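Scroll down for the structure; my scribbles are underneath it.
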2 protein chains.
Amino acid sequence: MVDSLAKNSPLSTSREDYLADIYRIQAVGQSANTGEVASHLGVTPASTSAMFKRLAQEGLVNYKSYSGVSLTEEGERAASHIIRRHRVIERFLTDILGIDWERVDEFANRMEHAMPDEVLEGIERLLGDPDTCPHGYPIPSEDGAIALASGQPVESLVAGEFGVIRRVDESDAQLLRHLRERGLVPGTALRVVDANAIDGTRTLQVGEATLVIGQRIARALFVERLAGSDRQGA
Amino acid sequence: MVDSLAKNSPLSTSREDYLADIYRIQAVGQSANTGEVASHLGVTPASTSAMFKRLAQEGLVNYKSYSGVSLTEEGERAASHIIRRHRVIERFLTDILGIDWERVDEFANRMEHAMPDEVLEGIERLLGDPDTCPHGYPIPSEDGAIALASGQPVESLVAGEFGVIRRVDESDAQLLRHLRERGLVPGTALRVVDANAIDGTRTLQVGEATLVIGQRIARALFVERLAGSDRQGA
DNA sequence: TAGATGAGTTAGACACAGCTAAATCCGGTC
DNA sequence: GACCGGATTTAGCTGTGTCTAACTCATCTA
């Protein structure tokens, strides 16, 4: 409220980082508390607490001591703008420059704060207004509207079911590399050949190949389930 | 010297701005003194003086009180890297995104600090390793080598001479816009039809069009003089 | 219900990079 | 050789965002 008059002044890089992280946490239904945000951003809880207070004072988050924060309408607008920049940049880096998808998050984190709107618009035009980032997460539109993150974890499929990968967990570069090397990327169709109830491994048919994945990956791959289930092998 | 061990840590945004400005000043043979740098960067002389001291302490410039600075070898390496980023980004913005050339300097100033090397390389590949920025200034190679800024001012041509624009002064967006709107961009051929000794105006033949320019523009357009002079009109 | 525990906050400090105001230096003039 | 004016430097301060260390709160357990 204090400087609602100075609303047009750009947010600091730090503020943008905090808001984007709070947005992402909220998007998966978690509570944006001090420790969570601090560990994502690689700062101490003390710093996070201080920033929460600043953001609250500026009307960007609702903050009650010891209870975490939630984005205000204004905060959400700002955050979705940053997420949008981030995801469009990721697309640009993979689709136009051919950079591996496990590296683009880091690069986008550096570039997203310095990208003028006009440049972002140019890049979007170049890309043909993409709907998602390379990992399958939806890109908010300019007015902040955003599609639901699509898909359900492969973990929830039973043997015989078909699915198409729509999204993968993007929080770990190692994991992303692993998935890419195995062709487990959005758009890929797969069939769950077998789900081992004992150790949680699953056997997938992906094109010609058969692969066995553990629980970690089964939770990181989000698929759209396809109608035709096929139980003849069970 | 102090932290020559920490050489790999990235330079701060501010340091990059100062180094790049010193580089540009040196490139035109001027002396990089406090006032000059301060006015280019929009900071006070006091701030500049403080930064000169820091840069000197880090071995990036030679600094003697009251005598301005010059880049050390290490400082020049860092500066040319930034200039390179700046000019490649400008090319990208004009050639790929179609942004007007009078706006790209400002955008590149914001983006140049946040551009990872891998991304820059990707962009260069996309552009086909351009030699110059959109305004005609040479892009340093990765090892810091840089071509001479080409061309001589139209002011130095006499009536009847032919030239091809190779470079234009890029320091003023208004001027750049003006030049663009008249087609006075690198690659354009022109002939000096007349040079008025009294008021310094010149009449140019550019394609089908004839235009009259004043001294300001005659000094901002750098051309490569072409052999065949044509005095039949004089 | 009273601790214990761990998460969250406050207090106090630091680095960075800017500012203003005051002092100082340098080069040119008389 | 003294002096003047403008450029430069110094001194001291501010705001941002971080840190560590110490304290406080909320909650879970006994």
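This is a predicted model, so every value here is computed, not measured. Chain naming here is simple, since letters A, B, ... match the order of the sequence lines and numbering starts at 1 in each.
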query = Any donor-acceptor pair under 3.5 Å linking the side chain of B:W101 with the backbone of B:L176?
reply =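 Pair found, side chain donor or acceptor close to backbone of B:L176.
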Side-chain (B:R91) to main-chain (B:R87) donor-acceptor, under 3.5 angstrom =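 Judged by distance alone, no pair lies under 3.5 Å.
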How many Å lie between [atom1] on [X] and [atom2] on [N], as a whole number?
X     : N      : atom1 : atom2 : answer
A:Y66 : C:dG8  : OH    : C1'   : 5 Å
A:N33 : C:dT9  : CG    : P     : 9 Å
B:F52 : D:dT10 : CZ    : P     : 13 Å
A:L55 : C:dT9  : CG    : P     : 13 Å

Pair B:F92 and A:F92, ring centroids less than 6.0 Å apart =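 Distance test on ring centres: under 6.0 Å, yes.
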ask   = Salt bridge or not for B:R85 and B:E16, using N-O below 4.0 Å?
value =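 Answer for the salt bridge query: yes.
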key: Side-chain ion pair, B:R110 and B:D105, N-O less than 4.0 Å   =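 Salt bridge: no.
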inquiry  = Measuring from atom CG of A:L221 to atom CD1 of A:I217, what distance do you get when rounded to the nearest 0.5 angstrom?
reply    =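 Answer for the CG-CD1 pair, A:L221 versus A:I217, is 7.0 Å.
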Under 3.5 Å, which N/O atoms of the protein pair with N/O atoms of nucleotides 15-19 of chain C?
unit_1, atom_1, unit_2, atom_2, d
C:dA17, OP1, B:S12, OG, 2.7
C:dA17, OP2, B:R15, NH2, 2.6
C:dG18, OP1, B:S14, OG, 3.2
C:dG18, OP2, B:Y18, OH, 3.2
C:dC19, OP2, B:T44, N, 2.8
C:dC19, OP2, B:T44, OG1, 2.9
C:dC19, OP2, B:S47, OG, 2.5

ask   = Can you find a side chain N or O atom of B:Y63 that sits less than 4.0 Å from OP1 or OP2 on D:dT9?
value =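 For D:dT9, OP1 or OP2 has a side-chain N or O of B:Y63 closer than 4.0 Å.
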query = 5'-most contact on DNA chain D: A:K64 or B:G35, nearest heavy atom basis?
reply =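 It is B:G35, whose closest nucleotide lies nearer the 5' terminus.
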